[in-house]
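For reference, the structure discussed in these notes is given below.
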Amino acid sequence: MISKETIDKIFSVIRVEEIIGEYVQLKRAGSNFKGLSPFQDEKTPSFVVSPSKQIWKDFSTGKGGTAISFLMDIENFTYPEALRHAAKKYGIEIEETQAEQTEEQKAAQTERDLLYKIHEVANNFFQEQMYDTEEGQNIGLAYFRERELREDIIRKFQLGYSPEQKNAFTAYALEKGYSKDILEKSGLSIFPENSPNGIDRFRERVIFPIHSFSGRVLGFGARILKNNVKTAKYLNSPETEIYHKSNVLYGLNQSKQAISRNNLCLLVEGYMDVIALHQAGIANVVSSSGTSLTTEQIKLIKRLTENVTILFDGDAAGIKASFRSIDMLLSEGMNIRVLLFPDGDDPDSFSRKHPQEFVENYIKNEATDFIDFKAEILLKEAGGDPIKKAEAIRDIVKSVAFVTNALKREVYLKEVSSKFGLSEQSLFNELGVQKQIAQQNQRPEAPKPQPKLEVVGETVFAVNPLIVLEEKLVELMLKYGDHVLTRSDHENQPYQITVIEEILAHFEEDGYEIQSPVNEKIISEIKSGIESDELRAGKFFLTLMDEEVSERVADALLEPYENSDWSKHNIFFSKEQELVPKIIEDVIIRHKREFTVKMINDLKDTLKAEADNTETYMKIVRLNQLKNEIDEALHRIL
């Protein structure tokens, strides 16, 4: 287990804006940062990061918490995995406690954990084979050097080699104690009937590890080097529990910071294109790894930038494939440019021929918008045929129909109108037709369930007001728990009490049972703190290994909107901190009223079942008198 001292050190050093900034394009908004939610599609940013409080909140989904909880949500890390990832990023040495794992803990190690581990083992094995064996040096390393790759680039992408021996890795993994079952599920080994000892999937091939956003190895791509073998040139890992090719972009882990910094993503076709551009000093580049571009892959890019330049080598198949990619990118609200390299060149060969500045300027100056790109390709095919020309223009308008922003659509149509000498009205008519066709092809969404209404007394509420007020009281303890209030007793003598103590006294005085399980956890921790003379407020809970509590604390500590600075106009507002005593008093009274109403309603439900209900009836009378007194007190406050 990771020691408490290490966990405290991680939380003292980690910066939430730096961790999240690798996944979400953040922009300064006052003292906070804002960005688009990485968990849900949205057009208006509702994802807020607070550097001062070291928390985040996604107001579109309700998620929130610390940098560690973010890593757990976005990467599906366990708590220890998220801590280790953060420790590695900040150069913190992990200290382990000496307690050994129990049998239950060992049994709890999931198949998913084993899949990550076996891929890590395989990645190290392939690199060792290339650097430490004669076969690996003469074949694998020689190939990469022949492609003019530098040593630092080979190691940056963790390139490797799988030897000719048919079960070299399988035998190695079995000897280390990994089961045939996990080797088979990982896709690294195959166990046919005629080879019970297993066969390596990647034999006599150079290896390209495929990493997750955070850098974990999910799978591999492998290239065979012999030309006289009748087999696929490239072989990829099969789909597994941890590897879904439609959700992964090759090179994103190595390129994410450059993409965010340049506010531009270059999209290429192959592994070597990504690697060669990195070697040329151009690091804001990813590849869809030979698969068709998917919506999930586009959303990965959109976390970092909305600007994409597609780089193609100019072959006919690639050009046609790019049309589909263009439409998908447009439908996700991306800004697109396209570049075709000169005949015979691809990003790999072009970047090796020319210096970095020349390549960067070429991409910047020669890339065209998608309208010019499609027009050049389609009109060249149409020649002088008016029917084919009309079809080409219709194809371009079809792409414009995928643009989600109305203003952008109009600008693009004006450009088409100007380019082809067509009336804007005819193009808008065609746009309407294409949009109708697109809508017909979309499946209708299932209606969203409406929130259930709850009847409380004679009033219908969309939510239970008692729980809302309980949430507010817990929020006040989290935000202002150690804030000291000055109160007066029945003899009008002043005394001091903290917010936590006053709210807990209110709950205990009325014998109130906490309604929410998460609030119960928080209050239990607060009570434990008081027993040890410690006031546990918001920041204490951020280091607890509980995602629900972490979200609850983020709710309490982070507001969706930040007040404008009106003081420069000589307009001043009271801050919530200044009104804490009055707010506490008001919420406690309102909570007492709603709890009284609940007790009255509960007693009314028991009246019919009782033979002699005089005592119950008198309780209801007394509670109604109390409710009237509370209403009068509320009226005085207002």
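Just so we're clear, the structure is a prediction, and the values are computed from it rather than from any experiment. All values below come from the heavy atoms of this structure, side chains included, with hydrogens, waters and symmetry mates left out.
The pair Glu475-Lys472 meets the salt-bridge criterion, with a side-chain N (NZ, NE, NH1 or NH2) lying under 4.0 Å from an Asp/Glu carboxylate O.
At least one side-chain heavy atom of Ser214 sits less than 4.5 Å from a side-chain heavy atom of Tyr23. Taking 4.5 Å as the limit, some side-chain heavy atom of Asn124 sits within range of a side-chain heavy atom of Glu120. Annotation: side chain of Arg28 is in contact with side chain of Phe33 (closest heavy-atom distance under 4.5 Å). The side-chain heavy atoms of Leu252 and Tyr250, taken from C-beta on, include no pair separated by under 4.5 Å. Side-chain contact between Asn236 and Lys245: absent, with no pair of heavy atoms (C-beta onward) separated by less than 4.5 Å. Looking only at side-chain heavy atoms (C-beta outward), Phe507 and His591 come within less than 4.5 Å of each other.
The aromatic rings of Trp56 and Phe47 sit parallel to each other, their planes meeting at less than 30°, with 60° as the upper class boundary. Between Phe169 and Phe126, the ring-plane angle classifies as tilted under the 30° and 60° cut-offs.
Here Phe157 and Tyr271 keep their ring centres 6.0 angstrom or further from each other.
Within 6.0 Å of NZ on Lys9 lie no more than 12 heavy atoms contributed by other residues, nucleotides or ligands. Around atom NZ of Lys89, more than 12 heavy atoms belonging to other residues, nucleotides or ligands sit under 6.0 Å away. Around the CD atom of Glu151, the shell of radius 6.0 Å holds more than 12 heavy atoms that belong to other residues, nucleotides or ligands.
The backbone N or O of Leu115 lies less than 3.5 Å from a partner atom in the side chain of His119, making a donor-acceptor pair.
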Inset, instruction - For salt bridge (charged side-chain N to carboxylate O under 4.0 Å, His left out), just list the numbers for Arg552 and Glu471, CA-CA rounded to whole Å, side-chain angles, deciding distance to a tenth of an Å, and then say yes or no. - result: CA-CA 9 Å; Arg552 183 73 184 86; Glu471 295 277 336; 2.9 Å; yes

Inset, instruction - In sequence, state the C-alpha distance, the side-chain angles, and the governing distance for Asp181 and Lys185, and then conclude on salt bridge (charged side-chain N to carboxylate O under 4.0 Å, His left out). - result: CA-CA 6 Å; Asp181 181 59; Lys185 286 179 177 176; 3.3 Å; yes

Inset, instruction - Step by step, work out the side chain to side chain donor-acceptor pair (under 3.5 Å) result for Thr170 and Ser189. - result: CA-CA 6 Å; Thr170 303; Ser189 304; 2.8 Å; yes

Inset, instruction - Go through Lys299 and Glu296 one step at a time and tell me if the salt bridge (charged side-chain N to carboxylate O under 4.0 Å, His left out) criterion holds. - result: CA-CA 5 Å; Lys299 287 176 179 176; Glu296 291 80 8; over 6 Å; no

Inset, instruction - Let me see the working for Asn253 and Lys256 under side-chain contact (heavy atoms from CB on, under 4.5 Å), right down to the final yes or no. - result: CA-CA 6 Å; Asn253 172 250; Lys256 58 191 176 188; 3.6 Å; yes

Inset, instruction - For side-chain contact (heavy atoms from CB on, under 4.5 Å), just list the numbers for Lys117 and Tyr178, CA-CA rounded to whole Å, side-chain angles, deciding distance to a tenth of an Å, and then say yes or no. - result: CA-CA 10 Å; Lys117 185 62 181 175; Tyr178 291 95; 3.0 Å; yes

Inset, instruction - Mind running salt bridge (charged side-chain N to carboxylate O under 4.0 Å, His left out) on Asp8 and Lys4 for me, showing each step along the way? - result: CA-CA 6 Å; Asp8 289 342; Lys4 179 68 166 62; 2.8 Å; yes

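Judged by a 6.0 Å distance limit and a 45° cone about the ring axis, Arg205 is not positioned over the six-membered ring of Tyr161. A cation-pi arrangement, defined by a distance under 6.0 Å to the six-membered ring centre and an angle within 45 degrees of its axis, is present between Arg155 and Tyr131.
To the nearest 0.5 Å, the span separating CZ on Arg303 from CD1 on Ile259 amounts to 12.0 Å. In this structure, the separation between CD1 on Ile154 and CG on Leu141 is 5.5 Å, given to the nearest 0.5 Å.
Among pairs with a residue in residues 518-539, none fulfils ring-ring contact (aromatic ring centres under 6.0 Å, His included), at least two apart in sequence or across chains.
Each of Asn284, Asp348, Leu311 was compared with Leu277 under the side-chain contact (heavy atoms from CB on, under 4.5 Å) criterion, and only Leu311 meets it. The one candidate from Thr498, Ile530, Leu473 that meets the side-chain contact (heavy atoms from CB on, under 4.5 Å) condition with Leu504 is Ile530.
Legend: residues meeting ring pair (Phe, Tyr, Trp, His ring centres under 6.0 Å) with Phe11, ordered by chain and number and at least two apart, are absent. Looking at residues two or more places apart in sequence or on another chain, you find no salt bridge (Lys or Arg N to Asp or Glu O under 4.0 Å) involving Arg201.
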